[in-house]
There are 2 protein chains.
Amino acid sequence: MDVTPRLREQACFAMYTASRAVIGLYRPLLDRLGLTYPQFLVLMALWETDGLTVTALGDALQLDSGTVSPLLKRLEAAGLVERRRESGDERRVTVHLTADGAALERQGCEIPQIVGSASGMSYEELIALRDKLNEFTEAVRGYQAAEPSPGRGAAS
Amino acid sequence: MDVTPRLREQACFAMYTASRAVIGLYRPLLDRLGLTYPQFLVLMALWETDGLTVTALGDALQLDSGTVSPLLKRLEAAGLVERRRESGDERRVTVHLTADGAALERQGCEIPQIVGSASGMSYEELIALRDKLNEFTEAVRGYQAAEPSPGRGAAS
DNA sequence: CCCGATTAGGTTGCGCGCAATTTAGTTGTG
DNA sequence: CACAACTAAATTGCGCGCAACCTAATCGGG
């Protein structure tokens with residue numbers, strides 16, 4: 001018997017692979033809009049709620065400022081969003097769609113459906129898979145919060 | 001009613017998030033071995049079958065040479081693997097574990113179990129999730145192979 | 001044997017993703 | 001008011017991940 005877990009048996013590896021596969025499927029579709037998948041996620045968040053702060057965007061996408069800041073810089077350079085320093089609290093920056101950014105919603109919002117149909121799964125299956133993944137993610141985040149540096153007993 | 005799909009409703013976004021969450025959980029555990037998650041995957045593949053070619057490794061991990069080559073360079077610099085030009089076909093390079101690389105299996109092979117338990121899911125649930133993800137990935141890859149540049153009707 | 005096509009692996013360039021740090025603005029306490 | 005603690009965003013550095021390209025070796029016809 002083999003004690004070492006095999007690559008193909010790992011649920012984590014399946015997530016890693018599935019994630020890259022789906023982004024690969026998005027790529028040619030998003031290329032025509034001049035977007036990457038993370039950039040598309042930012043726009044989706046803003047189509048839902050315009051004027052989010054950088055931190056709120058990071059929370060929605062589960063990304064930190066080190067990823068979001070340059071991402072927004074590129075979206076701003078592309079003329080799709082605008083950053084405004086808040087007058088109330090000068091530390092905060094809100095992100096707003098430009099007319100071009102808002103206009104992309106029409107073409108952008110149908111892409112997820114294309115990808116969904118490519119999966120060959122029913123709506124119910126996709127929902128169930130999504131919920132299971134979110135359950136997994138939640139549990140993992142909870143564990144991480146509980147064990148800042150796990151494996152070596154208690155903290156000093 | 002909102003036609004634009006919301007971030008949280010998307011199965012794809014759940015995969016993207018779950019993948020990063022699980023890698024984040026691996027990170028502190030792998031840090032102690034001086035490894036990243038993709039490097040760990042390479043070692044897992046070699047623990048299973050030593051002496052794979054670069055291409056075979058790429059197939060196992062679903063990564064292309066542009067990713068695998070520098071990854072192997074770092075693993076070789078760390079003294080964990082060795083690259084050998086094949087005598088039969090001088091184009092081929094096989095990757096072999098060093099003693100240090102092989103010795104890491106003892107500590108490395110228990111990490112996936114830690115992560116599995118952190119998910120709070122039963123073994124059966126994880127298997128089911130893994131299979132569903134692999135089914136999804138397969139379907140998506142099949143669709144991609146069938147539609148080289150989708151969305152705009154037939155090729156020229 | 002020669003030469004075009006194919007294949008294996010590597011390099012370059014760019015956009016993430018994240019840890020660590022920096023800068024600037026705000027808040028809380030005396 | 002002063003000043004330390006905190007917070008928001010940006011910057012830096014590094015390792016992927018992938019497209020595009022390059023080089024070298026092999027294969028396949030004629």
Side-chain angles (χ1 to χ4, degrees), chain A residues 13 16-28 30-31 34-42 52-78 81 83-95 141 144 148-149, chain B residues 13 16-28 30-31 34-42 52-78 81 83-95 141 144 148-149:
Chain A
F13 178 64
Y16 169 71
T17 303
S19 174
R20 286 184 299 113
V22 77
I23 291 176
L25 190 51
Y26 266 99
R27 199 182 322 280
L30 291 174
D31 268 351
L35 295 173
T36 65
Y37 184 65
Q39 288 167 9
F40 180 67
L41 293 181
V42 168
L52 290 171
T53 64
V54 173
T55 306
L57 256 176
D59 286 349
L61 273 54
Q62 299 287 356
L63 293 168
D64 75 354
S65 70
T67 301
V68 173
S69 280
L71 215 162
L72 291 175
K73 197 147 68 169
R74 284 183 282 272
L75 282 175
E76 192 166 38
V81 306
R83 280 186 286 188
R84 292 191 209 131
R85 193 61 69 170
E86 281 295 277
S87 51
D89 185 340
E90 288 284 337
R91 290 171 305 180
R92 296 161 77 85
V93 169
T94 51
V95 186
R141 288 201 196 287
Q144 237 183 352
S149 179
Chain B
F13 179 64
Y16 170 72
T17 304
S19 174
R20 287 184 299 114
V22 77
I23 292 176
L25 190 51
Y26 266 99
R27 188 167 294 109
L30 291 174
D31 268 351
L35 295 173
T36 64
Y37 184 66
Q39 288 167 10
F40 181 67
L41 293 181
V42 168
L52 290 172
T53 64
V54 173
T55 306
L57 256 177
D59 286 349
L61 273 54
Q62 300 286 357
L63 293 169
D64 75 353
S65 72
T67 301
V68 172
S69 280
L71 215 162
L72 290 175
K73 196 148 68 168
R74 283 184 283 272
L75 281 174
E76 192 165 39
V81 307
R83 280 186 286 188
R84 290 191 209 132
R85 191 62 68 170
E86 281 295 277
S87 50
D89 184 341
E90 289 283 337
R91 290 171 305 179
R92 296 161 78 85
V93 169
T94 52
V95 186
R141 287 199 197 290
Q144 235 181 354
S149 181

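Scope of the values below: all heavy atoms of this structure, side chains included, with no hydrogens, waters or symmetry mates. Throughout, protein chains are lettered first and strands after them, A, B, ... in sequence-line order, and every chain is numbered starting at 1.
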Participant: How would you list, by chain and number, every residue that makes a side-chain contact (heavy atoms from CB on, under 4.5 Å) with R27(A), sequence neighbours excluded?
Facilitator: I23(A), D31(A)
Participant: Between dA10(D) atom P and R84(A) atom CZ, what is the distance in whole Å?
Facilitator: 15 Å
Participant: Return the value, rounded to whole Å, for the distance between atom CG of L25(B) and atom C1' of dC18(C).
Facilitator: 15 Å
Participant: Separation of L72(A) atom CG from dT11(D) atom P, in whole Å?
Facilitator: 11 Å
Participant: Tell me the closest heavy-atom pair linking L71(A) and P38(A), and the distance in Å.
Facilitator: CD1-CB, 3.8 Å
Participant: Can you tell me the distance, in whole Å, between the CZ atom of R92(A) and the C1' atom of dA10(D)?
Facilitator: 16 Å
Participant: Does the dA10(D) base have a donor-acceptor partner in the side chain of S65(A) within less than 3.5 Å?
Facilitator: yes
Participant: I'd like to check the ring pair (Phe, Tyr, Trp, His ring centres under 6.0 Å) partners of F13(B); sequence neighbours left out, ordered by chain and number.
Facilitator: none
Participant: Which parts of nucleotides 12-19 of chain D does protein reach within less than 4.0 Å, heavy atoms only, written one letter per nucleotide 5' to 3' as B for base, S for sugar-phosphate only and - for none?
Facilitator: ---SSBBB
Participant: Check the orientation of Y26(A) and F40(A). Use parallel for under 30°, tilted for 30 to 60°, and perpendicular for over 60°.
Facilitator: tilted
Participant: D89(B): which residues meet the side-chain contact (heavy atoms from CB on, under 4.5 Å) condition with it, sequence neighbours left out?
Facilitator: R91(B), R92(B)
Participant: If a protein heavy atom is under 4.0 Å from the base, mark B; if only from the sugar-phosphate, S; if neither, -; do that for nucleotides 22-28 of chain D going 5' to 3'.
Facilitator: ---BS--
Participant: Side chain of R74(A), backbone of Q39(A): donor and acceptor closer than 3.5 Å?
Facilitator: no
Participant: Measuring from atom CG of L75(B) to atom CG of L35(B), what distance do you get when rounded to the nearest 0.5 angstrom?
Facilitator: 7.0 Å
Participant: Going by the rule side-chain contact (heavy atoms from CB on, under 4.5 Å), which residues pair with T94(B) if we only count those two or more places apart in sequence or in a different chain?
Facilitator: T53(B), R84(B), E86(B), H96(B)
Participant: Looking at R83(B), I'd like to know whether one of its side-chain N or O atoms comes within less than 4.0 Å of OP1 or OP2 on dG10(C).
Facilitator: yes
Participant: Expressed as a whole number of angstroms, how long is the span from K73(B):NZ to dT12(C):C1'?
Facilitator: 11 Å
